[in-house]
Amino acid sequence: MSERIQPRTLKGFRDYPPAAMIPREWIIDTARRVYRSYGFSPIDTPALEHLEILTGKGSAETDKQLYRFQDHGGRSVGLRFDLTVPLARFVAQHIQQLGTPFKRYQIANVWRGENTQRGRYREFMQCDFDTIGTASASADIETVLVINDLLVALGFEHFTMRVNNRLVLNGLLEKLGLTAQATHVLRALDKLAKVGSETVAQELAAIATPAQAAAVLELAALIGDNESILAQLQPLLAGSPLGERGIGELTDLHVALRAAGVPPERLQLDVSIARGLDYYTGMVVETFLDELPEIGSVCSGGRYDNLTQLYAKQELPGVGASLGLDRLLAAMEELGRLPKVQTTAQVLIPFFAAECRDRYLALASRLRGRGLRVEFYPEPKKLGKQLQYANRQGFLAALILGDSEFAAQQCQVKNLATGASQTVGYREDVQEIMDALQPILATS
RNA sequence: GUGGCUGUAGUUCAGUUGGUUAGAACGUCGGAUUGUGAUUCCGAAGGUCGGGGGUUCGAAUCCCCUCAGCCACCCCA
């Protein structure tokens, strides 16, 4: 009796009370809506996979972060650390029935046993969308368009999608004879914006000759608007078939996105964007909030041409991206962009006249029948207290009915944001109440 | 995983060179006010000082370990 278990959560794992869960679900709903508007369909996969599925990719870093253990049957299993690897397994297993192109989205938790920081947790949610089975540039362009639409739908105007193409980097590496060290070079390059060119130069010095390192840095240091970057790239990659193809793809993407109406300032060609993950082969993109760039990319992705090679003979190209929901939420929290709403209902009916309980319940039911979300306060209490509750929970409107209203067949419709209230007739069809509520509820 | 900073009511923080019963503001609850919610007044509840061990006559304060949060590296959403 005296020895209680201390209630607590693991490092990097969190509880989500209503005030945290409501904006969370709003983002999920928004992502779902945007993905579906492009024809992506939902799938889900198990949280737990056979260990060899997850480690097959063989990156030492992801192996270190993997949650792994023996299950009750002695199998080696692991928790998925992203949604792309399970997708590769899923596609290799089911593509015969699904056919191509296959467009799916998946919104689910992933786990990484790394050290925590602001916006970095051990359990977090990713909102992935991918197009499998086509190498078309159109799918690349759509991927960036989805990211753009998604952030706009989430209420952002000022954000930057940094775009690059792995072919440009690979072309240069090939030209320089650095292909074998590609992974190291790209990782060093990826840090350019953060640590500056001197540090990157030092890191490159360890794996390349001074001339090679200088050539890599020259490419990555290109600045200016997108057109001028493209123009400056030409001579640097001349003679490299890969590099020239990369420039072609970047140009195409840039032109197409402009034509699709993406504001030019949102799209930044950035040759230093490499993405750490090995599986990207073409276009790569990272998205930063202009108001809080230091929190990192909130939506990243790219093209991978050999994703299923570990699991199937068939070669299936793909392109996609992932919204980091928890990082985005951490950013929105810090930017004060999260509304302080704790209720999912719009309208509160205070329990005011103690003997009229059943009439309140009937009114609430009728309003719900008209599509409203309505809460009836569970006990008769002072009206002031109940309105305070309504205010704190974030209700938009209260319907006040006491003895005098019931007697006069009326209802007071109170706008909780402004404090204004109006009295309307209260009849079975609740039409007058609906009419009075409409403008109040329309504000959110 | 490595290194650094931090941890005191629900929240934000005070707390003297180690000294008796750990404070404030805001929030919460009750009342003034059994018909109107961010004002005012009165009152109340709420703390194993993150947890464990040690030094000491005495620890929120000093030391060690541990847990958690933040920052940098690493990597990434």
Side-chain angles (χ1 to χ4, degrees), chain A residues 2-14 17 19 27 31 59-66 81-84 107-128 147 183 186-188 190-191 194-195 199 203 273-278 285-289 294-301 321-331 334 340 348 350-355 377 380-406 412-421 423:
Chain A
S2 58
E3 287 291 314
R4 288 242 167 76
I5 298 164
Q6 192 191 356
R8 56 186 188 146
T9 53
L10 285 164
K11 180 186 179 75
F13 289 70
R14 298 164 302 152
I27 292 180
S59 157
E61 200 52 46
T62 49
D63 277 12
K64 256 168 59 184
Q65 296 181 357
L66 201 61
F81 63 89
D82 71 5
L83 298 178
T84 305
I107 298 173
N109 276 336
V110 302
W111 296 268
R112 294 184 194 174
E114 64 175 337
N115 251 345
T116 55
Q117 248 173 69
R118 175 184 58 163
R120 295 178 66 159
Y121 311 98
R122 290 186 168 177
E123 175 180 68
F124 61 98
M125 184 165 274
Q126 292 193 326
C127 310
D128 273 36
I147 295 174
T183 302
L186 295 182
R187 287 219 165 122
D190 208 27
K191 289 185 280 188
K194 208 168 181 179
V195 301
T199 314
E203 206 164 314
I273 296 290
R275 310 277 304 126
L277 292 174
D278 304 335
V285 56
E286 297 192 345
T287 310
F288 296 87
L289 303 177
E294 65 270 21
I295 202 152
S297 172
V298 295
C299 190
S300 308
S322 178
L323 176 76
L325 180 133
D326 292 279
R327 181 173 286 185
L328 185 73
L329 272 168
E334 184 158 336
K340 291 199 177 76
L348 181 75
F351 196 165
F352 191 20
E355 68 286 358
Y377 198 85
K381 240 182 167 177
K382 282 201 294 187
L383 186 57
K385 292 291 171 198
Q386 299 191 51
L387 289 173
Q388 202 174 52
Y389 168 80
N391 185 50
R392 201 169 56 235
Q393 295 290 309
F395 284 90
L396 298 169
L399 298 180
I400 298 169
L401 297 99
D403 296 331
S404 55
E405 279 83 1
F406 279 123
Q412 216 184 107
V413 178
K414 189 175 179 73
N415 182 333
L416 287 166
T418 65
S421 80
T423 301

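In what follows, every chain begins at residue 1, and chains take the letters A, B, ... in the order their sequences are listed. As the structure is a computational prediction, the values presented were derived from the model and not from experiment.
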Discussion item. So, OP1 or OP2 of A72(B): does either fall under 4.0 Å of a side-chain N or O from Q117(A)?
Written reply: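 Yes, such a contact exists.
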Discussion item. Is there a side-chain contact between R112(A) and the phosphate of C75(B), meaning an N or O under 4.0 Å from OP1 or OP2?
Written reply: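 Negative; the distance criterion is not met.
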Practice prompt. Using the test salt bridge (Lys or Arg N to Asp or Glu O under 4.0 Å), find all partners of E114(A) that sit at least two apart in sequence or belong to another chain.
Written response: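 Only R120(A) meet the salt bridge (Lys or Arg N to Asp or Glu O under 4.0 Å) criterion with E114(A).
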Discussion item. Run the ring pair (Phe, Tyr, Trp, His ring centres under 6.0 Å) test against F352(A) and tell me which residues pass, sequence neighbours left out.
Written reply: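 Ring pair (Phe, Tyr, Trp, His ring centres under 6.0 Å) check on F352(A) returns nothing, list empty.
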Among all residues two or more places apart in sequence or in another chain, which pass the side-chain hydrogen bond (donor to acceptor under 3.5 Å, both in side chains) test with [X]?
X: S322(A); value: D128(A)
X: Q117(A); value: none
X: Y377(A); value: none
X: Q388(A); value: none

Discussion item. Using the six-membered base ring of G37(B), report whether Y389(A) stacks on it, requiring centroids under 5.5 Å and planes under 30° apart.
Written reply: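 According to the criterion (under 5.5 Å, under 30°), no, Y389(A) does not stack.
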Atom [atom1] of [X] to atom [atom2] of [N]: distance rounded to whole Å?
X: F351(A); N: U36(B); atom1: CZ; atom2: P; answer: 19 Å
X: Q386(A); N: U36(B); atom1: CD; atom2: C1'; answer: 11 Å
X: N415(A); N: A38(B); atom1: CG; atom2: C1'; answer: 15 Å
X: N391(A); N: U39(B); atom1: CG; atom2: C1'; answer: 14 Å

Please write out the pairs of protein N or O atoms and N or O atoms of nucleotides 25-31 of chain B separated by less than 3.5 Å, giving the distance to one decimal.
| residue | atom | partner | partner atom | Å |
| --- | --- | --- | --- | --- |
| U28(B) | OP1 | R392(A) | NH1 | 3.4 |

Integer angstrom distance from the [atom1] of [N] to that of [M]:
N: A25(B); M: C41(B); atom1: P; result: 11 Å
N: C65(B); M: U6(B); atom1: P; result: 15 Å
N: G53(B); M: A60(B); atom1: P; result: 14 Å

Just the table, please: protein N/O against nucleotides 41-44 of chain B N/O, every pair under 3.5 Å.
none

Practice prompt. Map L325(A) and G419(A) onto RNA chain B by nearest heavy atom, then report which one ends up closer to the 5' terminus.
Written response: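 The residue mapped nearer the 5' terminus is G419(A).
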Worksheet item: Under a 3.5 Å cutoff on both atom distances, Watson-Crick or G-U, what's the dot-bracket for RNA chain B ([ ] crossing, | other strand)?
Response: (((((((..((((.....[...)))).(((((.......))))).....(((((..]....))))))))))))....
Pairs under 3.5 Å (N/O, protein and nucleotides 45-47 of chain B):
none

Show the distances under 3.5 angstrom between N or O atoms of the protein and N or O atoms of nucleotides 66-68 of chain B.
| residue | atom | partner | partner atom | Å |
| --- | --- | --- | --- | --- |
| A68(B) | OP1 | K11(A) | N | 3.1 |

Please tabulate, one pair per line, each protein N/O and nucleotide N/O from nucleotides 2-13 of chain B that are separated by under 3.5 Å, including the distance.
| residue | atom | partner | partner atom | Å |
| --- | --- | --- | --- | --- |
| U2(B) | O4 | N115(A) | ND2 | 2.7 |

